[in-house]
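Notes follow the structure.
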Amino acid sequence: GAGVSQTPSNKVTEKGKYVELRCDPISGHTALYWYRQSLGQGPEFLIYFQGTGAADDSGLPNDRFFAVRPEGSVSTLKIQRTERGDSAVYLCASSFTGGALYEQYFGPGTRLTVT
Amino acid sequence: AQSVTQLGSHVSVSEGALVLLRCNYSSSVPPYLFWYVQYPNQGLQLLLKYTSAATLVKGINGFEAEFKKSETSFHLTKPSAHMSDAAEYFCAVRWSGGSNYKLTFGKGTLLTVNP
């Protein structure tokens, strides 16, 4: 079956612009996660959805970042007034549910470059 | 703060040699432990996981890891490296408790395999 997909694979934007990053999870997975991987670092947790609601958004760095999952499937990560420091690979993952024993399956990521 | 430490950002081995990638975590309570591999321009793939069953865990592609509570370690090994093992490897932890859905990653170790 299809894995987690993310679009676009690459996004270049100018400082101050607005961007949206999309994640399509594995069908039937109720849990969805966003992580950010900066150069030379491991992925860092941003937000966790269980169904349509954000169960934990403690990893979002500031109020320029927002994510939605209106129908409990596709999720969009939105970044307003982008800054050069937002440049990173944004990874999405999904799992059957949010429990610790359920494997998180990762998408290939969206590489965001802010110029 | 709870953390995951991977010793060595870059490990280089010869083809056929032993692979040893080190991971330590900071907690007195054993968490759930994972190793992921990331090939260039691909998402993270789960190699193996420890979830409080056997302390020696076998994964895909001939990798295994041993959980040592007294050393708070979860080192990854493979007896004989293959060229196709060249990739970046991440140790990750899901801490016990209410936030056990969240993965905390180390900074990663880039494995190079020389012919």
Checklist entry - Quick one: do A:Tyr105 and A:Tyr35 end up in the same hydrophobic cluster if we chain Ile, Leu, Val, Met, Phe, Trp and Tyr together by side-chain heavy atoms under 4.5 Å apart? => result no

Checklist outcome for this item: Assert top hit (heavy-atom pairs under 4.5 Å, partner chain B, pool A:Val4, A:Val89, A:Leu91, A:Asp56) equals A:Asp56

Checklist entry - Should B:Leu56 and B:Leu76 be regarded as members of a common hydrophobic cluster, given that ILVMFWY residues are connected when their side-chain heavy atoms come within less than 4.5 Å of each other, either directly or indirectly? => result no

Checklist entry - Does B:Phe67 belong to the same Ile/Leu/Val/Met/Phe/Trp/Tyr cluster as B:Phe34, with side-chain heavy atoms less than 4.5 Å apart forming each link? => result no

Next on the checklist: Would you say B:Leu46 ends up clustered with A:Tyr33 if hydrophobic residues are merged whenever their side chains have heavy atoms under 4.5 Å apart, either directly or through other cluster members?
Outcome noted: yes

Show which side-chain atoms of residues 37-51 of chain A pair as donor or acceptor with protein atoms under 3.5 Å away, not counting sequence neighbours.
from    : atom 1 : to      : atom 2 : distance (Å)
A:Gln37 : OE1    : B:Gln38 : NE2    : 3.4
A:Gln37 : NE2    : A:Gln41 : O      : 3.3
A:Gln37 : NE2    : B:Gln38 : OE1    : 3.3
A:Tyr48 : OH     : A:Gln50 : OE1    : 3.0
A:Gln50 : OE1    : A:Gly98 : N      : 3.4
A:Gln50 : NE2    : A:Thr30 : OG1    : 2.7

Checklist entry - Is A:Leu60 reachable from A:Trp34 through a run of hydrophobic residues whose side-chain heavy atoms are each under 4.5 Å from the next? => result yes

Next on the checklist: Between A:Tyr102 and chain B, with a heavy-atom cut-off of 4.5 Å, which part of the residue counts as in contact: side chain, backbone, both or neither?
Outcome noted: backbone

Checklist entry - Is chain B contacted by the side chain of A:Ser58, its backbone, both, or neither, given a heavy-atom distance below 4.5 Å? => result side chain

Item to check | Part of residues 101-115 of chain B lying next to chain A, heavy-atom separation under 4.5 Å | outcome: B:Tyr101, B:Lys102, B:Leu103, B:Phe105, B:Gly106, B:Lys107

Next on the checklist: Just checking A:Phe65: does its CZ atom have more than 12 heavy atoms from other residues, nucleotides or ligands closer to it than 6.0 angstrom?
Outcome noted: yes

